[in-house]
There are 4 protein chains.
Amino acid sequence: MSFLSDTTAPAHPALLEALVRANEGAAASYGNDAISARVKAQLKEIFSTDLELVFTVSGTASNSLALSVLAPGDTAILCHDEAHIHRDERGAPEFFTGGAKLITLHGDHARLTPETLEAALSQWPSDFVHTTPPSVLSLSNLTESGTTYDVATVKALTGLAKARGMHVHMDGARFANALAHLKCDPANLTWRAGVDVLSLGATKGGALAAEAVILFPSVMDRFSALQVRQKRAGHMVAKMRYVAAQFEAWLERGRWLELAAHANAMASELAKGLSVVPGAKLLHPVEGNEVFIDLPQEAVDALNALNAGFYPWPHGGYRFVTSWQTKAEDVARVVKTARG
Amino acid sequence: MSFLSDTTAPAHPALLEALVRANEGAAASYGNDAISARVKAQLKEIFSTDLELVFTVSGTASNSLALSVLAPGDTAILCHDEAHIHRDERGAPEFFTGGAKLITLHGDHARLTPETLEAALSQWPSDFVHTTPPSVLSLSNLTESGTTYDVATVKALTGLAKARGMHVHMDGARFANALAHLKCDPANLTWRAGVDVLSLGATKGGALAAEAVILFPSVMDRFSALQVRQKRAGHMVAKMRYVAAQFEAWLERGRWLELAAHANAMASELAKGLSVVPGAKLLHPVEGNEVFIDLPQEAVDALNALNAGFYPWPHGGYRFVTSWQTKAEDVARVVKTARG
Amino acid sequence: MSFLSDTTAPAHPALLEALVRANEGAAASYGNDAISARVKAQLKEIFSTDLELVFTVSGTASNSLALSVLAPGDTAILCHDEAHIHRDERGAPEFFTGGAKLITLHGDHARLTPETLEAALSQWPSDFVHTTPPSVLSLSNLTESGTTYDVATVKALTGLAKARGMHVHMDGARFANALAHLKCDPANLTWRAGVDVLSLGATKGGALAAEAVILFPSVMDRFSALQVRQKRAGHMVAKMRYVAAQFEAWLERGRWLELAAHANAMASELAKGLSVVPGAKLLHPVEGNEVFIDLPQEAVDALNALNAGFYPWPHGGYRFVTSWQTKAEDVARVVKTARG
Amino acid sequence: MSFLSDTTAPAHPALLEALVRANEGAAASYGNDAISARVKAQLKEIFSTDLELVFTVSGTASNSLALSVLAPGDTAILCHDEAHIHRDERGAPEFFTGGAKLITLHGDHARLTPETLEAALSQWPSDFVHTTPPSVLSLSNLTESGTTYDVATVKALTGLAKARGMHVHMDGARFANALAHLKCDPANLTWRAGVDVLSLGATKGGALAAEAVILFPSVMDRFSALQVRQKRAGHMVAKMRYVAAQFEAWLERGRWLELAAHANAMASELAKGLSVVPGAKLLHPVEGNEVFIDLPQEAVDALNALNAGFYPWPHGGYRFVTSWQTKAEDVARVVKTARG
């Protein structure tokens, strides 16, 4: 049992089986293999559009590569103050872009609002040589507080960005969880809502190490630039078939959404159960696979004694993360212990 | 059958089995797992020394991360004009170091000589503010022409570098092949010969995607800097246990050397067989798993008809690469066809 | 008459005379000339300490070079949200440092408080590989709102920074104005109060183009790194004697402080006069040569008709800047017109 | 007397007078002043074309800014192995471009030949993701060995570059000297011959610190990018009128060419006189204001005793540089002494 992170979970067995199947004979290197081509077809189907993509092995790489083809080094990226790209990637976006500036904005539950974005845009002009102009809006969905942006909010935000000639990136490390919660069409939550590039993460959703940077039609002309940067950053792995194989198995027959829905359900269950602990206070709506909650010390002690595995969170309270393999009985055990 | 590259080969089954075994329960993220710790112990044993390491998923990442902790951006890296870091990594070393200069030197069979190195050092002073001073010597072993540096030559070269206060990096994408050819102790070919950092590649030797940057004691104080750069470049993958598991299986009971020895033997066999084709001319000594050879057009046509899989090489002639899974019968077929 | 900026003012005649005097015979290049040496001696005397310095020709260069020897690219610089390095230098600090992150803090009148700094430090740990650790605190004195940090506040802020192992940079583009207002010893406001590096600007104070990056003893060991970066950034001008000559004339016999005191007095006079305009509201205390004030539209129109030269300010109100050559009669005219 | 470098010479009095004249009243900052506009008009007249330009204060800045708008960081710049941008600028081009690779070529007297360029181009393809593609050809005229490229050679070289879609930069730190030697139209030696960007240096020709990056019509669309980089690198000095004023005086009524012609004549005289010293050997044709010559130790000792001021050159022999203020009598004294 561990609620530390979805990255401590193992990979789903179907993905390992896919690896074994992929391990046959010679295959073209660097992404020119047949499995990679098949995954591209899957994604076109899922997103109902033409698209281009490259694979990486980490969300940090995926986000930074995405940003690097959208944000020249002398421009700025607008994001939430809690954004993973700002807080948890050791300045990777700055490194990959050659020094672009992250301008951070506030908002409850790690969500930006159109009002805040508008205010920021008014402060940072587009065409003054002395000032760093915003070129990209980056939204995380699922957000860093485990909440979602719904389609209408994404549209409102991207509309403001587009009116300024900016591009929009979505950090989808837990995109499947957001989608499973919102129960909406992947196209509607992305390119149809104004998203140009999606970092789509499979690692937290059940892969060993598989992430994709997806360019939607509005920015498909940057594909060769993206490949160049993928190579230059050491992320064009030689035997790419093994990354592709993970994606193929993850996406096939809706597995990615099923696994996410399970994780979400476990988080809901956990939140429901912990909320009624006297003195407990849910800090953010639970709209994915993360629960942020303040707990009385007694409950915390009991859970630690159980070795439940969870983090005290820097801003206060505790974080519990569920995953594709979280068991209902473990959730029940945690809840029972906390209530104890 | 394919002699295009050792990166078109599949992974060795033992490594896939290791992945399956590693897929049990929760494990600490980002390299703090038990398998990573075991690999470190294996490598200490193999290299008879204390050391630090990080894993990556590509040789480009491995080389560039290694160089980035040795070469500040305002210094220079000396390497052979044929070096992979110069020719085939899309400027990754320049990117990771923040603009360090690669100063390239000549030498037969992609090998530097002490004379050439000495001449270069005399041209590039250490302490003149206007001039970029050399900080690192990078040697590939196996070299890009499939030849080896023996211990004595490595020592002669590193001696010159050390006298100038430089550090020494070894690009060991095919280090196992060099070792198998030279039949020497890994320690003798590296840190005992003056090498500070080794990029040790397993991918070409039978892994799915597994490379390591190994810091020997002389530069172990740079370990935290290396981890920071690994993170910042998106190479600190979350579920590191899967990279570690590949290494563990590759290194255990000398498997890495056995696989390399097989690949080397296949290359020797191939070279021997092709050399006697009338008009054929071996371009470099075959000391690893690569054969560079000039062939008459007739033989080339016949091999293409056989779909043998090999590249015409930019500098003339053709390159054939063997791997852990090259079959003696395929080599025989190629030789017979070429002679045919 | 112009109150647009102290950069629209001409140079003080004494500095031009110094240029003419410097224009005799051959002189060593790149800062190795006799005048540069004399300026160093002047500054040692003024700051009562040993020090090292390089000259530049812009405040942006001076700030960025200073930061680049203190803040590695994978660390963060803490500064006020209004800081010139954040708002007005087109990401120069990010460029010079190789992607360091500027983390911006709030505070009235462009001044940081120890409380805000402490809160920020608690959010950004020093030793977590995923998070960008703060390495530098940058303070502007005069601040961007024309206010000063007194010695006690500087000490309180640097104390917190030092306790975390950070270095402290002072952007002194208008340092002379701050000093003239505070009437304190230059040493007390800088190195004795915990400042490691001072960007000392003469351009706004009466030079043609003359700025210095001064390393106090605590960081003098970075002098050769600073020279390397000065060269690499194209700021080691060949005929440095002409930059040095401006500094020599500016500093000699307290001229720099006299000129600043005059500018400050003109600003005070202007603020006093404009404050009594009905509907006017001073936005920040006037502690240097800048006046930020909200004015009724009528007064603005009248001043525009007079061609007074001043800017509407992005955050509301208007900015008037005085300089060494602002005439009391022009101030009187502006005041009279605004009241009129 | 000094033949160390044209950067040890003082500025021409006419330029100082221009500074004094420029020091009147308020002027718009950052290059928006009237004198800057007048210099642009002068240059349009001189080069018989529309153009855009920014000023800098060093040749390093000028070259690096020029390269930074032509060469993305993942591409390569081709230049001579002796190029100043490679040997003497501490990696500034790498810094400004974000890691572009300098690929260096050989050629007698620091001149590239079409044959060498063609060979290099064949080795470095344009469209292979693993390889750094050449984007810029950089030629120095005057070259680093004091020789010139004539119009026909420039055309031949730029023709090859253009056929590959590359741009062409000319390092004209001593462009006036080349022009004075070749006696050709400035337009013919630059944009009409395929040069896209010229770094035009006045500092060595008689200014205090004045350089320009000139964009010819083929790349004028990069002007705003150039301004952004100028700002970001700290080279957009606030009181730009003083840089502009130097250029205005230098260019007016052909002064720049007169001063260069004088320097060239002094170098010719010096070369002629030293060549006949027994044992002396001129190393490069003297086509500008530099003399590279091998001298017997006796002569060297005598010249050192005279305190003539000259450098032993890294590749052997000695370098003497003349300037606008070199006196015929000093040349005569040097020649007499060396012969003596």
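Side chains included, hydrogens not; waters and symmetry mates left out as well; all remaining heavy atoms used. Quick caveat, the model's predicted, so the values are computed rather than measured. Letters A, B, ... mirror the listed sequences (proteins, then strands); counts begin at 1.
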Chain D interface, residue from [options] that has the most non-hydrogen pairs under 4.5 Å:
options	answer
C/Ser29, C/Ala61, C/Ser62	C/Ser29
C/Leu65, C/Asn23, C/Asp33, C/Asn63	C/Asn23
C/Ala9, C/Ala209, C/Ser58	C/Ala9
C/Ser2, C/Ser64, C/Ser5, C/Gly25	C/Gly25
C/Pro13, C/Ala22, C/Gly91, C/Ala28	C/Gly91

query: What part of C/Asp88 lies closer than 4.5 angstrom to a heavy atom of chain D: side chain, backbone, both or neither?
result: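 Just its backbone gets close to chain D.
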
- request: Side chain from CB out, backbone as N, CA, C, O: work out which of these in D/Leu16 comes under 4.5 Å of a heavy atom of chain C, or both, or neither.
  value: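 Contact with chain C: side chain only.
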
- request: Using non-hydrogen atoms and a 4.5 Å limit, figure out which bit of D/Ala207 sits close to chain C: side chain, backbone, both or neither.
  value: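 Just its backbone gets close to chain C.
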
Please answer whether the main-chain N or O of [Y] pairs with a side-chain N or O of [X] as donor and acceptor at a distance below 3.5 Å.
X	Y	value
D/Lys231	C/Glu89	no
C/Arg90	D/Val228	no
C/His235	D/Ala233	yes

query: With a 4.5 Å limit on heavy-atom distance, are the side chains of C/Tyr242 and D/Pro10 in contact?
result: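 With C-beta onward as the side chain, the pair touches.
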
Taking every non-hydrogen atom, the tightest pair across [X] and [Y]:
X	Y	value
D/Thr8	C/Arg241	O-NH2, 3.0 Å
C/Phe96	D/Phe95	CA-CZ, 3.9 Å
C/Arg232	D/Ala92	O-CB, 3.1 Å
C/Thr60	D/Gly234	CG2-CA, 3.8 Å

- request: Look at D/Thr56, D/Thr7, D/Leu4 and state which one has the largest set of heavy-atom pairs under 4.5 Å with chain C.
  value: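 Of D/Thr56, D/Thr7, D/Leu4, D/Thr7 has the most heavy-atom pairs under 4.5 Å with chain C.
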
field: D/Gln246 side, atom CD; C/Leu208 side, atom CG - distance, nearest 0.5 Å
entry: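 Nearest 0.5 Å value for the CD-CG distance: 9.0 Å.
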
